[in-house]
Amino acid sequence: MKILVINGPNINFVGIREKNIYGAESYADICERLQKKAAETGVETELFQSNHEGDIVDKIQAAYGNTDGIIINPAAYTHTSIAILDALKAVSIPAVEVHISDVSKREDFRQISYAGMACEKSFIGYGIRGYELAFDYLVNRLGK
Ligand code: DQA
C-alpha cells in the first residue's frame, strides 16, 4: 500500500506563519508524525510540498497507477483550484482533505473547497493531528 501526502503553498512555513491560527509546530513536525505512522503501519508513504499549483497537478497525475491513497492539504489552492479538483477526479485515487485550521469559522473566501469535492473525507480544524487522523482513516479504508 502506498499513501501520498500533498501539502500546498505556505505549509512549509507552518510553525512560523500565523501561529495563533496554525500553531507552533513546523512542517518538519508534520513530516515526522507521518513518518512515524508509516513506520508503525509499514505503509509506504511519500511526503510532498509545493508552492506551485502546476507541480501539485503533476504530482497527482504521477500518482496514477502506483498510489492507493492521497492525503491533501492544498492550502490556499483549496479555495481557487479547479485544476487540482480535476486532477484528483482524473486519477480516481481515494483522497482525504486536511486543513489545520477550522476554515468553516474563517473568511468567506475560505468557505468553498474545490479539492474537497473530490475527497471522500475531510479532517478540518484538528491542527496537525488532522494528518494523522487522515492517515489512520485511509489505512483503515484501504484495508491494512
Ligand atoms: C489551510 C487553510 C487555507 O485556507 C489556507 O490558505 C492555508 C492553510 C489550513 O490548513 O488550515 O494555507 O489549508
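We count ligands from 1, going down the list as the structure has it; atoms in each ligand are counted the same way. Here the structure is a predicted model, which means the values were calculated and not measured.
Taking 4.5 Å as the limit, every side-chain heavy atom of Ile71 sits out of range of all side-chain heavy atoms of Glu97.
Residue Phe123 holds its CZ atom at 8.0 Å from CG of Asp136, rounded to the nearest 0.5 Å.
Ser104 pairs by the side-chain contact (heavy atoms from CB on, under 4.5 Å) definition with Asp102, Gln111, not counting sequence neighbours. Judged as a side-chain contact (heavy atoms from CB on, under 4.5 Å), and not counting sequence neighbours, the contacts of Glu46 are Lys2, Leu4, Lys59. The side-chain contact (heavy atoms from CB on, under 4.5 Å) test applied to Ala83 returns Glu53, Val57, Ser81, not counting sequence neighbours.
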Between the protein and ligand 1, are there any N or O atom pairs that come within less than 3.5 Å of each other, and if so, what are their names and distances?
residue, atom, partner, partner atom, Å
ligand 1, 4 (O), His79, NE2, 2.6
ligand 1, 4 (O), Arg110, NH1, 2.8
ligand 1, 6 (O), Ala76, N, 3.2
ligand 1, 6 (O), Arg110, NH1, 3.1
ligand 1, 10 (O), Asn73, ND2, 2.8
ligand 1, 10 (O), Ile100, N, 2.7
ligand 1, 11 (O), Ile100, N, 3.2
ligand 1, 11 (O), Ser101, N, 2.8
ligand 1, 11 (O), Ser101, OG, 2.6
ligand 1, 12 (O), Arg17, NH1, 3.2
ligand 1, 12 (O), Arg17, NH2, 3.0
ligand 1, 13 (O), Asn73, OD1, 2.8
ligand 1, 13 (O), His99, ND1, 2.8

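A salt bridge links Glu120 with Arg141; the closest basic N to acidic carboxylate O contact falls under 4.0 Å.
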